Amino acid sequence: MKLTDCDSCLVYGTDKKPLSRARVEEVKENVLRLFFLSPRLRNARLKTIVDFYDRQHGRVRCLCEVILKKNPAYFETAEPWMADCTILKIYEVLQRQKDLRVDVHISLEFVRSDGKYFTGTIQDISAGGMYVITAHKLDMEQKFSFIYTFKHEKRIVDVKVVRIKEMGGGYGYGYGCRFIGLSPDTEADIRSFVYMNQIQKRLDKKKKTEGAEDEFLL
């Protein structure tokens with residue numbers, strides 16, 4: 001399988017823990033160049049797991065040969081490390097893109113299809129839909145929209161309510177919503193947003209674990 005639309009990945013260390021995320025440039029089929037913002041790397045040649053975040057295929061886990069080295073174009077790109085990466089084996093597509101979901105906390109103003117405005121908070125999001133909490137009462141199949149910058153440009157997103165949960169205690173309602181009529185560019189931006197947030201949460205978890213281990217040793 002050839003990666004078709006991939007610009008980011010997560011590289012694992014030989015201990016099978018996340019090492020660093022990277023920007024991806026394709027050189028040719030199964031041969032890639034990775035660029036790292038993290039300064040905490042070193043020259044190395046290793047066979048390891050890399051999760052590629054491809055907008056068409058989803059998250060693709062591969063065994064790769066990775067050759068880490070200093071980036072000679074560091075002053076232009078601000079990425080101190082790079083790597084030549086060769087895909088040796090594709091293990092599996094872990095999840096299709098619409099199944100990837102990430103927890104968020106995004107407070108926004110929404111507008112219903114009848115022109116009425118309300119506020120709410122998106123609690124999780126995937127390429128296929130989102131879950132939003134609001135005090136505003138909506139009906140099943142109710143359509144509404146919002147504007148958000150997932151990557152570089154503001155996108156208008158239309159959604160439809162497909163699931164309703166009353167929170168109780170006066171805390172409002174939770175709505176499972178499906179995106180409708182997404183343009184290819186908007187869908188690509190949402191996928192990228194989900195992937196990058198998942199990577200960041202993994203790295204934050206790793207740093208937290210390492211910090212706790214360091215404190216224990218002290």
Side-chain angles (χ1 to χ4, degrees), residues 1-97 100-102 104 125-127 148-155 184-211:
M1 181 183 70
K2 184 180 184 295
L3 297 175
T4 57
D5 191 3
C6 176
D7 60 13
S8 64
C9 70
L10 178 62
V11 180
Y12 289 77
T14 53
D15 58 0
K16 298 183 180 181
K17 294 180 180 180
L19 177 64
S20 179
R21 67 181 180 182
R23 179 172 63 86
V24 176
E25 289 185 1
E26 186 173 19
V27 178
K28 57 183 179 179
E29 187 171 353
N30 292 332
V31 179
L32 308 162
R33 192 155 286 144
L34 313 182
F35 297 88
F36 302 84
L37 286 172
S38 173
R40 299 176 58 186
L41 298 174
R42 59 184 177 83
N43 290 319
R45 182 175 191 145
L46 63 154
K47 288 184 180 179
T48 190
I49 300 298
V50 180
D51 285 343
F52 293 99
Y53 295 87
D54 185 276
R55 294 186 181 92
Q56 296 299 318
H57 299 295
R59 186 169 62 178
V60 183
R61 173 159 290 183
C62 302
L63 175 66
C64 298
E65 181 179 61
V66 178
I67 304 174
L68 278 162
K69 54 190 175 183
K70 290 282 189 179
N71 180 10
Y74 165 65
F75 292 106
E76 288 82 25
T77 67
E79 296 160 319
W81 291 91
M82 62 178 291
D84 295 328
C85 176
T86 303
I87 297 175
L88 303 176
K89 180 179 180 181
I90 295 176
Y91 285 131
E92 57 183 338
V93 177
L94 296 181
Q95 293 175 297
R96 295 296 297 176
Q97 61 270 20
L100 295 169
R101 184 173 297 274
V102 66
V104 294
I125 189 168
S126 72
Y148 192 71
T149 303
F150 293 99
K151 198 168 184 182
H152 303 301
E153 298 181 23
K154 288 183 178 180
R155 301 294 187 185
D185 287 344
T186 300
E187 186 172 355
D189 278 4
I190 294 174
R191 290 179 189 170
S192 179
F193 175 83
V194 172
Y195 294 153
M196 297 310 294
N197 272 269
Q198 282 199 334
I199 291 173
Q200 189 60 53
K201 286 180 182 296
R202 286 187 174 206
L203 293 176
D204 290 345
K205 183 177 180 181
K206 179 189 175 187
K207 290 177 182 177
K208 185 177 180 180
T209 301
E210 289 176 346

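Because only heavy atoms are used, hydrogens play no part in the values below, and waters and symmetry mates are left out as well, while side chains stay in. None of the values given here were measured: they were computed from a predicted structure.
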Write down the atom of [X], the atom of [Y], and the distance for their closest heavy-atom approach.
| X | Y | value |
| --- | --- | --- |
| Thr48 | Gly13 | OG1-O, 3.4 Å |
| Ser126 | Ile190 | O-CG2, 3.5 Å |
| Asn43 | Lys69 | OD1-CA, 3.3 Å |
| Leu88 | Cys64 | CD1-C, 4.1 Å |
| Ser20 | Phe36 | OG-CD2, 3.6 Å |

Salt-bridge criterion met for [X] and [Y] (N-O under 4.0 Å):
| X | Y | value |
| --- | --- | --- |
| Lys151 | Glu153 | no |
| Lys28 | Glu26 | no |
| Asp51 | Arg21 | no |

**OP:** Answer yes or no on whether Arg59 is positioned over the face of Tyr53, meaning its NZ or CZ is under 6.0 Å from the six-membered ring centre and within 45° of the axis.
**Re:** no

Original post:
With sequence neighbours left out, what residues match Lys154 under side chain to side chain contact (heavy atoms under 4.5 Å, CB included)?
Top reply: Ile147, Thr149

**OP:** Would you mind telling me which of Leu19, Leu46, Ile49 makes a side-chain contact (heavy atoms from CB on, under 4.5 Å) with Thr14?
**Re:** Leu46

Original post:
Strictly under 6.0 Å, is that where the ring centroids of Phe193 and Tyr195 end up?
Top reply: no

**OP:** Take Arg33 and Asp84 through the salt bridge (Lys or Arg N to Asp or Glu O under 4.0 Å) test and state the conclusion after the steps.
**Re:** CA-CA 5 Å; Arg33 192 155 286 144; Asp84 295 328; 3.2 Å; yes

Original post:
With no hydrogens and no angle check, is any side-chain donor or acceptor of Asn71 less than 3.5 Å from a backbone partner on Pro80?
Top reply: no

